[in-house]
Asker: 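One structure, as structure tokens, below. Some questions next.
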Amino acid sequence: MKKPAELFSLTGKVAVVIGGTGVLCGTMAEGFAAAGATVAIVGRDAAKAQVRLEQITANGGQAAFFASDTTSKSGLETLLAEVIAKFGPVDVLVNGAGVNSPTPFFDITEAEFDQIMTVNFKGVVLGCQVFGRHMVERRSGSIINIGSASGLKPLSRVFTYSASKAAVHNLSKNLAREWATSGVRVNILVPGFFPAEQNRKVLNPERIAAIMAKTPMKRFGEPQELIGAALLLASEAGSFITGAELVVDGGYDAMSI
């Protein structure tokens, strides 16, 4: 029997983190690197990526930044080819790019709707197509799609975001079933309320009070508190976990009244 440290190790693995320039996925990227993975940080902000790269390399890890339009299938195909050329075959994919808006329902424009659905859902579909095919052909891999508390039950004021995340949850479970005998696992990592760039615009005092009233631990999550769950889903420790919604929310989803 392997020791726990060996089960959670990502030594020799290549992890692609889409959205890795953001707060939450960037922290996961650091966690993967600390566990031994070579990490491809994917996004559009080279300056933010550089900060992550410096932190990873300072701790002895290996990573590189890849700029990519992850809402384009051809862009993702190019990304996959570039990562393979630099690091080798991909073992782990995190689909974590996301945008949000608190626009009242009657005021949601088609342009805003299309942007949120394109980034949050279409990007995940395309990422799973491109990297999923690569993994299925190799008969090995773990895909972690970043869901949301609003993917489990809708949240007020974020109509399109909630719908996009519900679609991510549904797709992930469907693909988990589809690829279960192909050596590829697909899971949903479900953060509760972690203040980050995409949700700060909706976190006014009234909203924060409502969240705390339904969060038994009475606080927001810290980004590093997602690392353990991400490592479980990415590593051999989670080898029999697929189609799961792994919730990290301080008890929020357990509450009713």
Side-chain angles (χ1 to χ4, degrees), residues 17-29 41-49 51-52 67-73 75-76 94-128 144-172 188-215 219-223 225-226 245 247-250 252-253 255:
V17 182
I18 294 174
T21 58
V23 174
L24 301 187
C25 287
T27 301
M28 288 181 225
I41 295 176
V42 182
R44 296 186 179 185
D45 193 325
K48 290 182 179 179
V51 173
R52 292 292 179 186
S68 177
D69 177 3
T70 56
T71 64
S72 159
K73 189 170 185 178
L76 285 164
V94 175
N95 274 313
V99 293
N100 197 358
S101 173
T103 305
F105 182 74
F106 287 125
D107 297 330
I108 297 170
T109 64
E110 289 185 57
E112 179 183 294
F113 178 87
D114 289 345
Q115 180 199 23
I116 293 173
M117 293 300 293
T118 296
V119 174
N120 293 4
F121 182 55
K122 179 184 175 182
V124 173
V125 172
L126 296 178
C128 288
I144 303 171
N145 292 328
I146 304 303
S148 168
S150 68
L152 301 173
K153 49 192 175 188
L155 296 178
S156 62
R157 297 181 58 199
V158 288
F159 299 97
T160 310
Y161 180 83
S162 289
S164 71
K165 287 300 185 178
V168 168
H169 284 237
N170 185 286
L171 173 73
S172 302
I188 311 104
L189 179 55
V190 189
F193 291 91
F194 290 73
E197 294 172 13
Q198 65 174 273
N199 62 14
R200 288 188 188 279
K201 66 183 74 173
V202 301
L203 291 177
N204 59 31
E206 179 184 1
R207 187 76 160 177
I208 292 172
I211 292 168
M212 291 301 109
K214 290 183 175 293
T215 302
R219 65 176 177 85
F220 288 117
E222 297 292 336
E225 292 179 305
L226 291 172
E245 293 165 320
V247 180
V248 185
D249 70 352
Y252 177 86
D253 191 52
M255 290 290 289

Asker: Among all residues two or more places apart in sequence or in another chain, which pass the salt bridge (charged side-chain N to carboxylate O under 4.0 Å, His left out) test with E222?
Answerer: none
Asker: Side-chain contact test, heavy atoms from C-beta onward, threshold under 4.5 Å: evaluate it for Y161 versus L155 and give yes or no.
Answerer: no
Asker: Quick one: list whatever passes side-chain hydrogen bond (donor to acceptor under 3.5 Å, both in side chains) with E112, sequence neighbours left out.
Answerer: S101, T103
Asker: Any donor-acceptor pair under 3.5 Å linking the side chain of K165 with the backbone of I146?
Answerer: yes
Asker: Atom CG of D253 and atom OG1 of T215: how far apart are they, to the nearest 0.5 Å?
Answerer: 10.5 Å
Asker: Determine the minimum heavy-atom distance between V23 and P223, stating which atoms define it.
Answerer: CG1-CG, 3.7 Å
Asker: Check whether the side chains of S68 and T70 place a donor and an acceptor atom closer than 3.5 Å, and report yes or no.
Answerer: no
Asker: Considering non-hydrogen atoms only, spot the tightest contact between C25 and G96 and give its length.
Answerer: SG-CA, 3.6 Å
Asker: Could you work out, with side-chain contact (heavy atoms from CB on, under 4.5 Å) as the rule, every residue matching K122, not counting sequence neighbours?
Answerer: T118, L126
Asker: Using side-chain contact (heavy atoms from CB on, under 4.5 Å) as the criterion, list what pairs up with M212, not counting sequence neighbours.
Answerer: I208, F220
Asker: Hey, does P191 have a side-chain heavy atom less than 4.5 Å from the side chain of V248?
Answerer: no
Asker: Distance from M28 atom CE to I144 atom CD1, nearest 0.5 Å?
Answerer: 8.0 Å
Asker: Give the minimum heavy-atom separation between A49 and T21, together with the two atoms involved.
Answerer: CB-CG2, 3.7 Å
Asker: Rounded at 0.5 Å granularity, tell me how far CG in N100 sits from OG in S148.
Answerer: 8.0 Å
Asker: Apply ring pair (Phe, Tyr, Trp, His ring centres under 6.0 Å) to Y252 and list each qualifying residue two or more places apart in sequence or on a separate chain.
Answerer: F193
Asker: Quick one: list whatever passes side-chain contact (heavy atoms from CB on, under 4.5 Å) with T160, sequence neighbours left out.
Answerer: I108, F113, I116, M117
Asker: Do L189 and V94 come close enough that some side-chain heavy atom pair is under 4.5 Å?
Answerer: no
Asker: Return the set of residues passing salt bridge (charged side-chain N to carboxylate O under 4.0 Å, His left out) with D69 (not counting sequence neighbours), or none when no residue passes.
Answerer: R44
Asker: So L152 and H169, do their side chains get closer than 4.5 Å, heavy atoms only?
Answerer: yes
Asker: The criterion is side-chain contact (heavy atoms from CB on, under 4.5 Å); which residues satisfy it with S172, sequence neighbours excluded?
Answerer: N145, V168, V186, I188
Asker: With sequence neighbours excluded, what pairs up with D249 under the salt bridge (charged side-chain N to carboxylate O under 4.0 Å, His left out) test?
Answerer: none
Asker: Going by the rule ring pair (Phe, Tyr, Trp, His ring centres under 6.0 Å), which residues pair with F105 if we only count those two or more places apart in sequence or in a different chain?
Answerer: F159
Asker: Mind checking side-chain hydrogen bond (donor to acceptor under 3.5 Å, both in side chains) for S164 and listing every partner two or more places apart, or none if nothing turns up?
Answerer: N120
Asker: In chain order, what residues pass the side-chain hydrogen bond (donor to acceptor under 3.5 Å, both in side chains) check against T27, with sequence neighbours excluded?
Answerer: none
Asker: Over all heavy atoms of both residues, which pair between P195 and G221 is shortest? Give the atoms and the distance, please.
Answerer: CD-O, 4.0 Å
Asker: On a heavy-atom basis, which atom in N95 and which in C128 lie closest, and how many Å separate them?
Answerer: ND2-SG, 3.8 Å
